[in-house]
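Only a predicted model underlies this, so the values are computations on that prediction, with no experimental measurement involved. For ligands, and for the atoms within them, numbers begin at 1 and follow the listed sequence.
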Amino acid sequence: MVKRNTCVFISGNGSNLKNLIFHSRDNIFPIKISLIISNNRKANGLIYAKKYKIPFILINTNFKNYENKILFNLRKYNIEFICLAGYMKILSNSLIQNFQKKIINIHPSLLPKFKGLNTFSRMLKNKEIKAGCTVHYVNEKLDAGNTIVQKTFFINKNDNEQILKKKTQKLEYRAFPEAIIKIFRNF
Ligand code: GAR
C-alpha cells in the first residue's frame, strides 16, 4: 500500500498524535506521518516526534510570515495530507486552498454544536444530553467543514469537565483513525 505523506499539527498534549503514530506503524494504515508542526515549543506532543524520530518544525505565529515557513516545509516533505490534532490556531485561507479537501481536524463536540473553545463547560451549562467528537474536513469557516466521522456518548449527571474530556478523548482515539481509513478507502 502506498502511504500518503502526512503532516500532523499540534499545540499541546499530543495524545491524538501519539495514537496516530501508533496506527500509522501498521502496514495497512493509509498514512505515514512524515512531519509534525507545532506552534508551541513546549508542546508535550513533541516528545513523540523525538521518540519516533519524526521530523518536526516549530512555528512562531507572532511572526508575520509564519505561514510561508509552513508551506515551505509542507512542500519540502512532499506532504499530501494534513491532520490537525489539537492545533489551537486558525489556518489561513491560502493554506486551506492549497490543500483543498486534504486537511482534517478533530473537535471535541458533536458539531455543528459547540464550535470553538471551552466546549465542555458550555455543554454542561446548556444541560446537554449527549457529547462526543467530530472529525471533519477543514474549510475557511471555523469548525464547519463536512463531517467524516462522529462518535457520541450520553452525559451522566455526575460528569464534570474533566470526565467529559476523558470520555471524549477515548472516542477520539477511535474516530481519528477511522476517518482516515474512510477517506482513503474512496481514493
Ligand atoms: C483534543 O481533544 C481535540 O479534540 C481538541 O484538543 C484536544 C487535543 O488533545 N481540539 C480542539 O479543541 C480544536 N478546536 P491532544 O493534544 O491530547 O491530542
Side-chain angles (χ1 to χ4, degrees), residues 6-25 29 31 33 35-52 54 56-59 61 70 81-93 95-96 99 102-126 128 130-153 155 159-183:
T6 297
C7 176
V8 180
F9 281 58
I10 59 166
S11 296
N13 193 35
S15 65
N16 278 286
L17 166 67
K18 182 184 171 196
N19 179 54
L20 290 181
I21 293 172
F22 175 77
H23 281 273
S24 68
R25 289 157 73 89
F29 196 67
I31 65 165
I33 300 174
L35 181 65
I36 292 163
I37 292 184
S38 173
N39 67 322
N40 171 10
R41 62 174 56 250
K42 294 199 174 126
N44 177 67
L46 292 172
I47 288 175
Y48 307 114
K50 291 170 192 156
K51 182 169 176 191
Y52 295 100
I54 300 169
F56 66 91
I57 308 289
L58 296 173
I59 48 158
T61 53
I70 296 180
F81 188 64
I82 294 173
C83 296
L84 306 183
Y87 183 65
M88 304 311 267
K89 284 276 165 191
I90 292 172
L91 298 179
S92 73
N93 286 353
L95 184 62
I96 293 168
F99 282 85
K102 288 177 186 150
I103 310 178
I104 64 171
N105 178 46
I106 188 145
H107 185 77
S109 79
L110 297 172
L111 291 174
K113 283 185 158 182
F114 305 106
K115 296 174 181 179
L117 300 174
N118 306 316
T119 49
F120 304 121
S121 61
R122 288 188 285 142
M123 274 174 212
L124 291 171
K125 205 167 161 200
N126 224 34
E128 290 294 310
K130 291 192 283 183
C133 66
T134 308
V135 183
H136 64 94
Y137 286 106
V138 172
N139 65 14
E140 286 84 354
K141 291 188 191 138
L142 179 70
D143 298 329
N146 287 347
T147 292
I148 306 155
V149 169
Q150 193 162 63
K151 293 204 180 285
T152 307
F153 64 91
I155 300 176
D159 286 352
N160 57 29
E161 283 183 45
Q162 284 77 14
I163 295 173
L164 286 183
K165 182 174 176 181
K166 221 173 164 179
K167 289 183 176 176
T168 302
Q169 290 209 317
K170 211 172 155 195
L171 288 185
E172 289 185 346
Y173 305 146
R174 288 177 32 220
F176 222 161
E178 256 181 56
I180 292 168
I181 289 168
K182 192 171 167 186
I183 289 168

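Close approach of ligand 1 to Met88 (heavy-atom distance below 4.0 Å) involves ligand atoms 11 (C), 12 (O), 13 (C). Close approach of ligand 1 to Ser15 is summarised as follows: ligand atoms under 4.0 Å from at least one heavy atom of the residue are 15 (P), 16 (O), 17 (O), 18 (O). Atoms of ligand 1 lying under 4.0 Å from at least one heavy atom of Asn13, given by number and element, are 16 (O), 17 (O).
Polar contact check, Asp143 against ligand 1: no nitrogen or oxygen pair lies under 3.5 Å apart. At under 3.5 Å, a nitrogen or oxygen of Glu172, whether backbone or side chain, sits near a nitrogen or oxygen of ligand 1.
Summary of contacts: the protein heavy atom closest to atom 10 (N) of ligand 1 is Ile106 O, 3.6 Å. Among protein heavy atoms, the minimum distance from atom 9 (O) of ligand 1 is reached at Gln169 NE2, 3.0 Å. Regarding atom 14 (N) of ligand 1, its nearest protein heavy-atom neighbour is His107 ND1, 3.4 Å. Considering only non-hydrogen protein atoms, atom 16 (O) of ligand 1 sits nearest to Gly14 N, 2.7 Å. Among protein heavy atoms, the minimum distance from atom 8 (C) of ligand 1 is reached at Gly86 CA, 3.6 Å.
Using a 4.0 Å cutoff on heavy atoms, Ile10 does not count as a contact of ligand 1. Contact analysis leaves Lys165 out of contact with ligand 1, as no non-hydrogen atom separation drops below 4.0 angstrom.
Side chains of Ser38 and Tyr87: no donor on one and acceptor on the other come within 3.5 Å. A donor-acceptor pair shorter than 3.5 Å cannot be found between the side chains of Ser11 and Asn40. Side-chain atoms of His136 and Asn146 include no donor-acceptor pair closer than 3.5 Å.
For atom 5 (C) of ligand 1, the candidate residues are Ser11, Pro108, Ala85, Gly116; the nearest heavy-atom contact is made by Pro108.
Around atom CD1 of Ile90, no more than 12 heavy atoms belonging to other residues, nucleotides or ligands sit under 6.0 Å away. Dense packing is recorded around CZ of Arg122, with more than 12 heavy atoms of other residues, nucleotides or ligands lying under 6.0 Å away.
Looking only at distances, no side-chain donor or acceptor of Asn105 sits under 3.5 Å from a matching main-chain atom of Val138.
With salt bridges taken as basic N to acidic carboxylate O contacts below 4.0 Å, none links Lys151 and Glu172.
Applying the side-chain contact (heavy atoms from CB on, under 4.5 Å) test to Lys165 and every residue at least two apart in sequence or in another chain returns Phe120, Gln169. In this structure Thr61 satisfies the side chain to side chain donor-acceptor pair (under 3.5 Å) test with no other residue, sequence neighbours excluded.
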